[in-house]
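First up is the structure itself, then whatever we jot down about it.
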Amino acid sequence: MKIRSTLFVAALLLAPAMAYAPAAAAEPAIYTGRFSTTALQGYDPVAYFETGAPAKGSKDISTEYKGATFLFTSAEHRDAFIADPEAYAPQYGGYCAWAMADGKYAKGDARYWKIVDGKLYLNYNSDIQGKWNADIPGFVSKADTEWSALNH
């Protein structure tokens with residue numbers, strides 16, 4: 001009985017401090033993985049648009065954008081990105097487009113991608129990309145709404 005009373009008193013004393021505890025940190029604007037600051041797992045975002053395929057960038061040709069490092073295969077690609085990052089950066093910060101349609105953050109894998117209406121989208125894996133491909137317009141519409149709500 002004494003332990004229960006002690007726990008109750010402790011809870012009452014800690015309640016005000018817990019009420020003002022900071023909220024959990026929001027997800028980074030650009031997905032980089034837990035132990036990295038490199039976006040797109042090091043793939044060149046401009047290459048998707050210029051060559052129609054992912055290509056690994058170089059640490060020697062890079063730029064920072066929204067707290068993440070983007071790597072490029074050429075200085076021309078880097079300069080194009082710097083001139084208009086919104087045109088080349090993956091949608092939803094590189095998080096999985098299918099998961100974002102459900103309002104959830106999940107890793108986007110640079111190998112599972114698609115350009116739709118001039119925008120780069122990533123998915124978690126091939127199975128998820130198959131689900132996303134079944135209704136791209138619907139998932140994009142939902143994900144756009146969720147992304148705006150999560151990043152107001």
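What you see is a predicted model, and the numbers here were worked out from it, not measured in a lab. In what follows, every heavy atom counts, from backbone to side chain, and hydrogens, waters and symmetry copies are set aside.
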Hey, what do you get for [atom1] ([X]) to [atom2] ([Y]), rounding to the nearest 0.5 Å?
X: Asp84; Y: Asp79; atom1: CG; atom2: CG; answer: 13.0 Å
X: Ile128; Y: Asn123; atom1: CD1; atom2: CG; answer: 7.5 Å
X: Gln41; Y: Leu122; atom1: CD; atom2: CG; answer: 7.5 Å
X: Glu146; Y: Tyr92; atom1: CD; atom2: OH; answer: 10.5 Å
X: Leu120; Y: Tyr88; atom1: CG; atom2: OH; answer: 12.0 Å
X: Tyr43; Y: Thr38; atom1: OH; atom2: OG1; answer: 13.0 Å

Do you know the tightest heavy-atom contact between Gly103 and Leu150? O-CD1, 3.8 Å
For Ala68 and Ala39, the nearest pair of non-hydrogen atoms, with its separation, is CB-CB, 4.1 Å
With Lys114 via salt bridge (charged side-chain N to carboxylate O under 4.0 Å, His left out) - residues at least two apart: none
Listed partners of Asp102 passing salt bridge (charged side-chain N to carboxylate O under 4.0 Å, His left out), at least two apart: Lys104
By the side chain to side chain donor-acceptor pair (under 3.5 Å) test, which pairs, at least two apart or in different chains, include something from residues 52-69? Glu64-Thr69, Tyr65-Glu86
Would you please classify the geometry between the Trp132 ring and the Tyr121 ring as parallel, tilted or perpendicular, with 30° and 60° separating the classes? tilted
Mind checking ring pair (Phe, Tyr, Trp, His ring centres under 6.0 Å) for Tyr95 and listing every partner two or more places apart, or none if nothing turns up? Tyr31, Tyr105
Ring pair (Phe, Tyr, Trp, His ring centres under 6.0 Å) involving Phe72 - partner list, sequence neighbours excluded: Phe81
Let me see the working for Tyr124 and Trp98 under ring pair (Phe, Tyr, Trp, His ring centres under 6.0 Å), right down to the final yes or no. CA-CA 8 Å; Tyr124 180 78; Trp98 184 81; 9.3 Å; no
Out of curiosity, does Ile82 fall in the hydrophobic cluster containing Ile61 (side-chain heavy atoms, cut-off under 4.5 Å, transitive links)? no
The complete set of salt bridge (Lys or Arg N to Asp or Glu O under 4.0 Å) pairs with one or both residues in residues 125-142, sequence neighbours excluded, reads none
Taking Asn125's backbone N and O only, do any of them form a donor-acceptor pair with Asp109's side chain (distance below 3.5 Å, no angle check)? no
